[in-house]
Amino acid sequence: MVPRGCRIRPLASGICCPMSRIAYVNGRYVLFRNAKVHVEDRGYQFADAVYEVCEVRGGRLVDERRHLDRLERSLGALRIRMPMTRQALGVVLREVVARNRISSGMVYLQIGRGVARRDPAFPGSGVAPSVVVTARSLNAARTDALAATGIAVVSVPDNRWGRVDIKTVGLLPNVLARQTAIDQGAREAWFVDKAGLVTEGASVNAWIVTRDGKLVTRHADHAILGGITRTVVLDAVKDRGLSLEERPFSLDEAYKAHEAFVTSATQIVMPVVRIDGRVIGDGKPGLVATALRLHYHRYAEAG
Ligand code: PLP
C-alpha cells in the first residue's frame, strides 16, 4: 500500500521505486535533476524570455486557451517566435502534467529567444527558441486554510520597467518586493506608482471592494500584467451583476476599503485582511472575495 502523497511508483514487477519528477527541455522529457539549460541561454543572461503559469485541477489545465493567448502576445511583443504550434505546446504541457502525475498544482512554461554568443542584439533567425516546461503539485488544503484567515500585504514603490504587461522572466523587482513582504511578516507586496496608486501585487493582481460595494481593480494597461485569473473574475463579477470599476485606486482608498483581495492562477482569489499593518474591513475575509473564490471554477475553462 502506497501512502498518500508519497512519490512512490509501483512497478509492474510489484517493486516500488521513488517516482521521479520529469521536465521538458528543448524537445526532450528528462529527469528533473538532469534538466539543464545552456550557460549562454538568453533567458539566463538577459531575462530574454517569457513564461506562463497555469493551474492544474483534477489533472487538467485550467484556462489553457487564455494562457496560450497571453503567451503569444508576450512573444509577439518581444519578437520571439512560437517554437511550435499551440496544439503541440498544449500536448507538451499536458504530457508534463501527466508524467509528473499532478492532480492539483501548476505547470510552468518558459520560452526564451534561445542560445547564442553573448550580445544584447537579437541573434540570427537560425537560433531556435528555448522551451522548458515543469510541473509540480500544490497543497490545495494549505491555500484554502490561508484563504480562510486571509493574508497581509505591504506596499512598496513600483520601480519596474514600463511594459510589465509582457510576462517576462525579468522579475527582480518582484523578487525584492516579495522578500520585503516576507521580512515584514506579510505574504504579498502591492506596488504603488509615483502618483500613489496601486498597480498590482508582486505576483498577483490587486482588488478592493469599496464601502458602497463596488469592486475596483486597475484597468489592464502597460502598468500591470493582465492576469488570467483577473479576467475570469471580471467575467464572474459581470455575470453576477456586481458593481465594478476598472480604474486605479490609491493606497488610502485601499486602507478604507470594505474588503481587499488578490488574484492569481495559483491562489485563485485570496482575501487580504491587512495592508501595511492596517486592518481591512472587520479583519476577516470578506463575503465578496469568499464567494468569488468558491465559484471561480464555474467561470474558468476546464481543459
Ligand atoms: N501580476 C503579476 C505581476 C504576476 O506575476 C501574476 C502572476 O504571475 C499576476 C499578476 C496574476 O496573473 P495570473 O492570474 O495570470 O496568474
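Read the numbers this way: they start at 1 and go in the same order the structure lists the ligands and their atoms.
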Run down the list I224, V233, I268, I228 and name the one with the heavy atom closest to atom 13 (P) of ligand 1. I228
Any nitrogen or oxygen of T229, main chain or side chain, under 3.5 Å from a nitrogen or oxygen of ligand 1? yes
In sequence, state the C-alpha distance, the side-chain angles, and the governing distance for T134 and F32, and then conclude on side-chain contact (heavy atoms from CB on, under 4.5 Å). CA-CA 8 Å; T134 59; F32 189 79; 3.8 Å; yes
Could you list which atoms of ligand 1 come closer than 4.0 Å to a heavy atom of T263? 11 (C)
Measure the spacing between OH of Y296 and CG of D235 and express it to the nearest 0.5 Å. 9.0 Å
Side chain, backbone, both or neither: which part of T266 has a heavy atom under 4.0 Å from ligand 1? neither
Could you see which bit of V204 sits under 4.0 Å from ligand 1, with heavy atoms only: side chain, backbone, both or neither? backbone
Could you check whether R99 makes a cation-pi contact with Y29, meaning its NZ or CZ is under 6.0 Å from the centre of the six-membered ring and within 45° of the ring axis? yes
What protein heavy atom lies closest to atom 16 (O) of ligand 1? Include the residue and the distance to one decimal. A265 N, 2.9 Å
Are R218 and F249 in a cation-pi contact, defined as NZ or CZ under 6.0 Å from the six-membered ring centre and within 45° of the axis? no
Quiz question: by atom type and distance under 3.5 Å, do the side chains of T199 and D158 form a donor-acceptor pair? yes
Near Y51 (heavy-atom distance under 4.0 Å), the atoms of ligand 1 are 5 (O), 8 (O)
Would you mind checking which non-hydrogen protein atom is closest to atom 5 (O) of ligand 1, with the distance to 0.1 Å? S203 CA, 3.5 Å
Below 4.0 Å, non-hydrogen atoms only: which portion of F191 touches ligand 1? Side chain, backbone, both or neither. neither
Given E52, which partner from the list R65, R70, R86, K167 fulfils the salt bridge (Lys or Arg N to Asp or Glu O under 4.0 Å) test? R70
Worked check of salt bridge (charged side-chain N to carboxylate O under 4.0 Å, His left out) between E64 and R94: CA-CA 10 Å; E64 177 185 348; R94 278 187 289 281; 2.5 Å; yes
Among side-chain atoms of S250 and D252, is any donor-acceptor pair under 3.5 angstrom? no
K167: numbered ligand 1 atoms lying under 4.0 Å from its heavy atoms: 7 (C), 8 (O)
Inter-residue atom distance H67.NE2 - L89.CG, 0.5 Å rounding: 13.0 Å
By side chain to side chain contact (heavy atoms under 4.5 Å, CB included), S243 pairs with (sequence neighbours left out) K214
Which ligand 1 atoms does N205 reach within 4.0 Å, using its non-hydrogen atoms? 10 (C), 11 (C)
Just which atoms of ligand 1 are under 4.0 Å from any heavy atom in G227? 12 (O), 13 (P), 14 (O), 15 (O)
Are any of the N or O atoms of E200 closer than 3.5 Å to those of ligand 1? yes
contact_flag G226 ligand 1 heavy-atom lt 4.0 Å: no
Here the atoms of ligand 1 under 4.0 Å from any heavy atom belonging to G201 are 3 (C)
